[in-house]
Engineer: 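Okay, handing you the structure first.
Lettering follows sequence order; numbering is per chain, from 1.
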Amino acid sequence: MADEKMATVRDVLAAQIANDPSIIGAKVDGRVVDVHTPFPLREGARVDPVRSSDQDGLRIIRHSTAHVMADAVQRLFPGTKVTIGPAIAAGFYYDFDKPSGPFTDEDLAKIESAMREIIAAGRPFRRELTSRDEAHALFERMGESYKRELIDAIPANEAISLYRHGSGDGEWVDLCEGPHVPSTSFLKAIKLVSVAGAYWRGDERNPMLQRIYGTAFPSQKALDAYLKQLEEAKARDHRKLGKELDLFMFHEYAPAMPFLLPKGAHVYNGLIEYVRDLYRTEGYEEVVTPQIFDKRLFEASGHWAHYTDNMFFATSQDRLEELFTDERFASKLEKLLAAKKAGNVGEVSEIIKSVVDLAQKPMNCPSHCLMYKHRRRSYRELPWRVADFCRLHRYERGGVVHGMARVRSFAQDDAHIFCPPEKMGDEIDRFLKFFYGVYGALGFKKIDIKLATRPDERIGTNEQWDMAEGALEQVLRNQELAFEFSPKEGAFYGPKYEFHVEDALGRSWQLGTLQIDYGLPDRFELEYTGADGAAHRPVMLHRAIYGSLERFFSVFIEHTAGAFPVWLAPEQAVVVTVSERQTDYAHEVVAYLAGKGLRVRADVGSDKLGAKIRNARLGRVPYVVVVGDKEAADRKVAPRSRDLDKDLGPMPLEDFAARLSAEATPPRLHAKASS
RNA sequence: GCUGGCGUAGCUCAAUCGGUAGAGCACCUGCCUUGUAAGCAGGGGGUUAGGGGUUCGAGUCCCCUCGUCAGCUCCA
């Protein structure tokens, strides 16, 4: 372009920077650049300041901190090679190839103090453009073989830039796009968090590198707030609360399969009951289906070809004896032994799998298709909304299971909607309102939706994809819900909504879903008779509000910090006596409240009042109801509210019962969707 | 699955160089008769995850298995 000149942001925004030292970069026509590096400035270009507190500014700070960390690591551990070190949502990391093995916690402390020295020295960052050959030669000399690989991956038409900080012996250089802060002294608050293994380029066939995670903030105050939030998250960890509140347990005889203890089962079932009730008005019909199926079902659905890595298999004694007389089995055994001798693991497992006759279901859809096919269907009975809370089993790899959040045995608030393709829009609309209603009622304030569109590898015609994606998009626009596209992230059989639900700590979880599926109706040859008397193929919607109940439960525990709302709480009140004299009265109060359908227990033990209250509070019981001589004399109670965190004072037993009953009613759906 | 860490009483954790397995809480019993976050005393409770090895001797060192944690990968 003709009217370009070289300039720095520092010059262009001189007046603003003079008044605002937090400006550490700028967005020039949408691209983030340093304040100190000259760049070609187009006449009339838009230059917006980027401050250290902005998302973009934070990235600059963190990425610069990553460079400083790598510098410190290479000073302290000569021979360690650098790879990549980006800024991420919560901070940054840098992956190293360290021949002497992993970093220890002591190493981290040393690295951190070396970083502080580099920061205190105020070394300037400098950007430098270079040729591909020069860059190659430079990293060759330095022995940085990973950087050479990275250079090769940069497209030929893109410039190669280096960043240096420091000078002379203190200089450190990295292949880097930038941008960076002007000098290391701009880094105000840093912290190394953890160390972990990570594969070069994320591929498990590649060598394992040593990754150090850290974070950085524009001020010590912001860093402290972040560390405090980490602590809060730790305190709310559902695995910890699950133990403390007696919600669930695990056992090595069923790894990654939760055992819900009575209190946990109460909340879990309460969540199910809540949507089950709503199903009546929302037009769903609930069914109950088998756990174990002949593998022919999964051959029909496609799971046998694509999903057996995640499936549990089953068999029976009769089947095993039947194999004894099966000639084909004998020849399979020979093949198996040959494959074993040849060390062919894949073939051995294929042969064994071919003998297996039964499998645990990993999903409900195939059995719902069988139910659909059970008889001829008319257009008059569609849409058919089939709900199912049956347990599902999926084999998840050992490294991915996590408390209740990722398990091998779970249930979903699963339902499938079979409908004519032209009715799809109405069903999506209806479901979205239902979905937002439930999350609003459960106290979640913010949900982001993404529309995941066709992936490269897919089934179905382009017309079908157009229609399905169009329907999903149109409903969002009609309901005026903000959304983003998630390109190519749809399932291979159809597009879907992803719901990202934000919890009380501002963390986002992907919970429910809505997916459109043309594939299964084809595979199972589902049909309905239309008004024209001809056979038509329905489309199938997979939808869940909670998604996996186990996973939802884990999020809900952390969201509420274990303080479940009164209507879901396993124990709604504990009646505590001041002395043994009130034992009879306490039992009378419990009987009265229980008679109103409330879940109440008496604590008439020999503990002092303070200890009883402490125990009830640790158990997150919504009300601690104190009864002493004064209350017993007047048929009163003195409740203390968990949520208001205060003593409500003496009140007639009937008044308290009315208050508790009101709070024990499940919330109504919040009619208005929010996003 | 991979890399690394961890596994001691129901829970949270001690146990020096390889030398008699302990504490607090919880539980049980008794005393205390209690007024808004822990009253006092006593008692029971362990194949130190499981298996193998080294050693005069293993919670401790080595190997295998299982479980678990963090990260990576995965989540049709």
Engineer: Would you mind telling me which of B:rC66, B:rA37, B:rG71 lies closest to the side-chain atoms of A:Arg211?
Structural biologist: B:rG71
Engineer: Taking only the C1' atom of each, what is the distance from B:rA9 to B:rC2 in whole angstrom?
Structural biologist: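 It works out to 35 Å between them.
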Engineer: Does any nucleotide pair with B:rC13 by Watson-Crick or G-U wobble geometry, both distances under 3.5 Å, and what is it?
Structural biologist: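 In the structure as shown, B:rC13 has B:rG22 as its Watson-Crick or wobble partner.
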Engineer: Quantified in whole Å, what is the P atom distance between nucleotide B:rA26 and nucleotide B:rC69?
Structural biologist: 27 Å
Engineer: For B:rC27 and B:rU68, measure between their P atoms and round to the nearest Å.
Structural biologist: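 Pairwise P distance, B:rC27 against B:rU68, rounds to 28 Å.
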Engineer: What integer number of Å spans the P atoms of B:rA15 and B:rG53?
Structural biologist: 29 Å
Engineer: Which part of the nucleic acid, if any, lies within contact of A:Ala256, taking any heavy atom under 4.0 Å across all strands shown: a base, the sugar-phosphate backbone alone, or nothing?
Structural biologist: sugar-phosphate
Engineer: So what does A:Arg406 hit on the nucleic acid, given a heavy-atom distance under 4.0 Å: a base, only sugar-phosphate, or nothing?
Structural biologist: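 Base: the residue A:Arg406, judged by heavy atoms under 4.0 Å, touches a nucleobase.
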Engineer: Expressed in whole Å, how much space separates the P atoms belonging to B:rG4 and B:rC64?
Structural biologist: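 Here B:rG4 and B:rC64 have their P atoms 11 Å from each other.
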Engineer: Looking at B:rC6, which nucleotide sits across from it as a Watson-Crick or G-U wobble partner, both distances under 3.5 angstrom, or is there none?
Structural biologist: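 Across any shown strand, B:rC6 pairs with B:rG67.
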Engineer: With sugar-phosphate meaning primed atoms plus P, OP1 and OP2, does A:Glu580 contact a base, only sugar-phosphate, or nothing at under 4.0 Å between heavy atoms?
Structural biologist: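 The answer is base, as A:Glu580 lies within the cut-off (heavy atoms under 4.0 Å) of a base atom.
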Engineer: For a quick check of understanding: with a heavy-atom distance under 4.0 Å over all strands, which category does A:Ala611 fall into, base, sugar-phosphate or nothing?
Structural biologist: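 Touches sugar-phosphate only.
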Engineer: For B:rA70, does either OP1 or OP2 sit under 4.0 Å from a side-chain N or O belonging to A:His402?
Structural biologist: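 For B:rA70, OP1 or OP2 has a side-chain N or O of A:His402 closer than 4.0 Å.
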Engineer: Under 4.0 Å, counting only non-hydrogen atoms across every strand here, what does A:Ser606 touch: a base, just sugar-phosphate, or nothing?
Structural biologist: base
Engineer: Expressed in whole Å, how much space separates the P atoms belonging to B:rG50 and B:rA21?
Structural biologist: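 16 Å, rounded to whole Å.
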Engineer: Decide if the gap between the ring center of A:His542 and the ring center of A:Tyr493 is smaller than 6.0 angstrom.
Structural biologist: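 Under 6.0 Å, so yes.
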Engineer: NZ of A:Lys191: more than 12 outside heavy atoms within 6.0 angstrom?
Structural biologist: no
Engineer: Answer with base, sugar-phosphate or nothing: what part of the nucleic acid does A:Ala638 contact at a heavy-atom distance below 4.0 Å?
Structural biologist: base
Engineer: Any idea if B:rC6 is syn or anti, going by the 90°-from-0 cut?
Structural biologist: anti
Engineer: Take A:Gly399 and A:Gly610, find for each the nucleotide of RNA chain B with the closest heavy atom, and name the residue whose nucleotide sits nearer the 5' end.
Structural biologist: A:Gly399
Engineer: Please give, in whole Å, the distance from B:rC32 P to A:Leu609 CG?
Structural biologist: 20 Å
Engineer: Step through it carefully: locate the ring centre of A:Tyr94, locate the ring centre of A:Phe92, and say whether they are under 6.0 Å apart.
Structural biologist: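 Centroid distance A:Tyr94-A:Phe92: not below 6.0 Å, so no.
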Engineer: Using the P atom on both, measure B:rG46 against B:rG10 and round to a whole Å.
Structural biologist: 8 Å
Engineer: With a 4.0 Å cutoff (strictly under), does any side-chain N or O of A:Arg394 reach OP1 or OP2 of B:rA76?
Structural biologist: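 So the side chain of A:Arg394 is outside the cut-off, no N or O lying under 4.0 Å from OP1 or OP2 of B:rA76.
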Engineer: Rounded to the nearest angstrom, tell me the gap between atom CG in A:Leu209 and atom P in B:rU73.
Structural biologist: 12 Å
Engineer: Determine the contact category for A:Arg201: base if any of its heavy atoms lies under 4.0 Å from a base atom, sugar-phosphate if only primed atoms, P, OP1 or OP2 are that close, otherwise nothing.
Structural biologist: nothing
Engineer: In whole Å, what is the span from the CG atom of A:Leu192 to the P atom of B:rG71?
Structural biologist: 16 Å
Engineer: Looking for any heavy atom pair under 4.0 Å, which part of the strands does A:Lys243 touch: base, sugar-phosphate only, or nothing?
Structural biologist: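 It contacts sugar-phosphate atoms only.
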Engineer: Can you tell me the distance, in whole Å, between the CG atom of A:Asp246 and the P atom of B:rA26?
Structural biologist: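 So the two atoms are 14 Å apart, to the nearest Å.
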Engineer: Give the minimum heavy-atom separation between A:Pro521 and A:Arg537, together with the two atoms involved.
Structural biologist: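 Heavy-atom minimum between the residues: O-NE, 3.6 Å.
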Engineer: What's the verdict on side-chain contact (heavy atoms from CB on, under 4.5 Å) for A:His416 and A:Leu520, showing C-alpha distance, side-chain angles and the deciding distance?
Structural biologist: CA-CA 11 Å; A:His416 294 96; A:Leu520 272 187; over 6 Å; no
Engineer: Could you tell me how far B:rC17 sits from B:rU60 if I compare only their P atoms? Round to whole Å.
Structural biologist: 15 Å
Engineer: Would you mind reading off the distance between A:Arg640 atom CZ and B:rU36 atom C1', rounded to a whole angstrom?
Structural biologist: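 Whole-Å distance recorded here is 5 Å.
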Engineer: Can a donor-acceptor pair be found between the side chains of A:Lys496 and A:Ser486 at a distance below 3.5 Å?
Structural biologist: no
Engineer: Could you check how far CZ of A:Phe250 sits from C1' of B:rC69, rounded to whole Å?
Structural biologist: 13 Å
Engineer: Using Watson-Crick or G-U wobble geometry with both distances below 3.5 Å, tell me the partner of B:rG57, or none.
Structural biologist: none
Engineer: Give the nucleotide from the list B:rG39, B:rA76, B:rU73 with an atom nearest to the side chain of A:Tyr307.
Structural biologist: B:rA76
Engineer: If I take atom CZ in residue A:Arg397 and atom P in nucleotide B:rC75, what distance separates them, rounded to the nearest angstrom?
Structural biologist: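 Rounded to whole Å, this separation is 9 Å.
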Engineer: Would you confirm whether the ring centroid of A:Phe553 sits within less than 6.0 angstrom of the ring centroid of A:Trp509?
Structural biologist: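 No, the ring centres sit 6.0 Å or more apart.
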Engineer: Report the base-pairing partner of B:rU36 (Watson-Crick or G-U wobble, both distances below 3.5 angstrom), or none.
Structural biologist: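 Partner of B:rU36: none.
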Engineer: Take atom CG of A:Asp95 and atom C1' of B:rU73, then tell me their distance rounded to the nearest Å.
Structural biologist: 13 Å
Engineer: May I ask you to evaluate whether A:Arg614 reaches the phosphate of B:rG39, defined as a side-chain N or O under 4.0 Å from OP1 or OP2?
Structural biologist: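 So the side chain of A:Arg614 is outside the cut-off, no N or O lying under 4.0 Å from OP1 or OP2 of B:rG39.
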Engineer: Under a 3.5 Å limit for both distances, which nucleotide forms a Watson-Crick or G-U wobble pair with B:rG44, could you say?
Structural biologist: none
Engineer: Base, sugar-phosphate or nothing for A:Glu631? Non-hydrogen atoms, less than 4.0 Å.
Structural biologist: base
Engineer: Under 3.5 Å, is there a donor-acceptor pair between the side chain of A:Arg551 and the main chain of A:Gln510?
Structural biologist: yes
Engineer: With nearest nucleotides of RNA chain B determined for A:His251 and A:Tyr213 from heavy-atom distances, which residue corresponds to the more 5′ nucleotide?
Structural biologist: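 That would be A:His251.
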Engineer: Pairing check on B:rC72: which nucleotide meets the Watson-Crick or G-U wobble criteria with it, both distances under 3.5 Å?
Structural biologist: B:rG1
Engineer: If you check the A:Lys608 side chain, which of B:rG39, B:rA76, B:rG1 turns out closest?
Structural biologist: B:rG39
Engineer: Students often get this wrong, so: under 4.0 angstrom with heavy atoms, is A:Asp629 touching a base, only sugar-phosphate, or nothing?
Structural biologist: base
Engineer: Applying side-chain contact (heavy atoms from CB on, under 4.5 Å) to A:Lys361 and A:Phe298, what does each step give before you reach the verdict?
Structural biologist: CA-CA 8 Å; A:Lys361 67 176 167 187; A:Phe298 302 115; 4.0 Å; yes
Engineer: Considering only B:rU36, B:rU34, B:rC72, which nucleotide approaches the side chain of A:Val626 most closely?
Structural biologist: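 Within the option list, the nearest is B:rU36.
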